[in-house]
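Below, chain A is the first sequence line, B the second, and so on; all start at residue 1. Being a predicted model, the structure only gives us computed values, none of them experimental.
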Number of protein chains: 2
Amino acid sequence: MEIIVAKKAGFCFGVKRAIDLTFKLAEKGKEGVFTFGPLIHNPQVIEKLKSEGVAPTDDIDSPDIRTLIIRTHGVSPDIYEETGRKDYELVDATCPFVKKAQRFAETLSKEGYQVLIIGDREHPEVQGLIGFAGDDVVTVSGSEPLPAIKHKVGIIVQTTQPFEVFKNIVNKVIGVATELKIYNTICDYTAQRVEETIELSKKVDIVIVVGGKNSANTTQLFTISKQDCGNVYHIETSAELKKEWFTDTEKVGITGGASTPQWIIDDVTKKIREISFRR
Amino acid sequence: MEIIVAKKAGFCFGVKRAIDLTFKLAEKGKEGVFTFGPLIHNPQVIEKLKSEGVAPTDDIDSPDIRTLIIRTHGVSPDIYEETGRKDYELVDATCPFVKKAQRFAETLSKEGYQVLIIGDREHPEVQGLIGFAGDDVVTVSGSEPLPAIKHKVGIIVQTTQPFEVFKNIVNKVIGVATELKIYNTICDYTAQRVEETIELSKKVDIVIVVGGKNSANTTQLFTISKQDCGNVYHIETSAELKKEWFTDTEKVGITGGASTPQWIIDDVTKKIREISFRR
């Protein structure tokens, strides 16, 4: 059984940066270090951080906080304002690419555009972007029809959205808007990971997508793999692997999201190799 | 034989305005009235204007000029500058929608965008737009591959281009540019005329496209009609009509470009009606 692990699987630049920042704080043995919401969408990483003394919190008013870490997805300006007034230290681990998208949302709003955000409005990144986009903002996801829009529209896109979704929505918007400013804020690394996963899913018998079930970009890899491969599983850890998945397989593809740590990918690879030997 | 004449066939707002302006000048019996190039792309109208004493000229330095009319397609800023220094009167008959596109080209250039003009680079409208777009300008037509473009691109489109061409090129550009500002400068009236002609060509046995052979938007109607109707002819006047075209036809569709005068459309309709009676 041949195992191919996607080169782009695992931590992206922004996640790596946030994890490094956070573990460094933990190493210093600081007390009262919290992340505002889970730092990234990977339960195993969050558990590891908890064991190092860094827990997520939803309550920015908690008296226990000494240091609050803003997670990769970013937050809206009102959270910066509120937390800025606190006595505790604020560490901003927002992904630099998300920060860029936030700045563009602000620019578009200042320039008088109705801001259209392509993405999942419940996702924390989009929630943050909405905050930067001013009062005249609408969101749309790939599965929704285009909402009513104005004639002067500015577009930004959630950094982890597939290019096809972005393209389809731009196509609808150009039929309505007459002045359109578009910032393609899709993260290059994400785009490449999606591309690599599509190619991978075409040449293997089974795809194992590794990563948080709550991770949007990991779930996206699962959906995309299913287009070209009939045999796709989304797991968080090697414990979920089942021998029977591999009975008739020659080639296994392993991919993972931007928030999937290398150690879990390695562990999954090892376990599949063991299953392969025992056949 | 049923004859359906497209409602949107014939002079558009900008052409009507230019013709009115010019005939008014002719009526006043002014001497030395010239248009810079043919006022519109319709040889019959140009002949009519000549008989009223208004001739096209390519030479803005001619000593015969007392009044120079800038045609509907507009001119580049250097022509305004040169002609502005002359002693003669300048009458600007540029279509207001083209003027708008010229302003957008200027804005994009000032804002640091590489300006991409979608259209036919040899067309006088596009030549004018190029002049307003500054030094960093590229053009692309519907049949060409996308030229090398930068990451910050501003798009305007020749007012008479089909929406599909615009859409296809935008689709290519969003795969390359990361910041994109788009002004959809396609004239609404043109878009509606194209739409109506497509519908017309689907329900008739023959389409007669009336208008200047040198008119880009009329030629476009010819090309578009051929997609849904096997029997399409492009004529300038009723003299070109042939009886044998109509031997097996039940329904005739007549359409015309933005520069086709009503009198020619009426004449063509009358002649087809005569052919129909004589069958």
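Heavy-atom contacts from other residues, nucleotides or ligands closer than 6.0 Å to NZ of A:K203 number 12 or fewer.
Ranking B:I182, B:N184, B:I186 against chain A, the residue ahead of the rest is B:I182, based on heavy-atom pairs under 4.5 Å. In terms of heavy-atom pairs under 4.5 angstrom with chain B, the leader among A:I155, A:V170, A:N171 is A:N171.
Judged by distance alone, with hydrogens and angles left aside, the side-chain atoms of B:K152 form a donor-acceptor pair with the main-chain N or O of B:E111 at under 3.5 Å. Side chain of B:T185 to backbone of B:V157: a donor-acceptor contact under 3.5 angstrom is found.
For A:A177, the part lying near chain B is the backbone, with the side chain staying farther off; criterion is any non-hydrogen pair under 4.5 Å. When heavy atoms are compared at a cutoff of 4.5 Å, A:F163 approaches chain B solely by way of its side chain, counted from C-beta outward.
A salt bridge is defined here as a Lys NZ or Arg NE, NH1 or NH2 lying under 4.0 Å from an Asp or Glu carboxylate O, and A:R71 with A:E125 fails to meet this definition.
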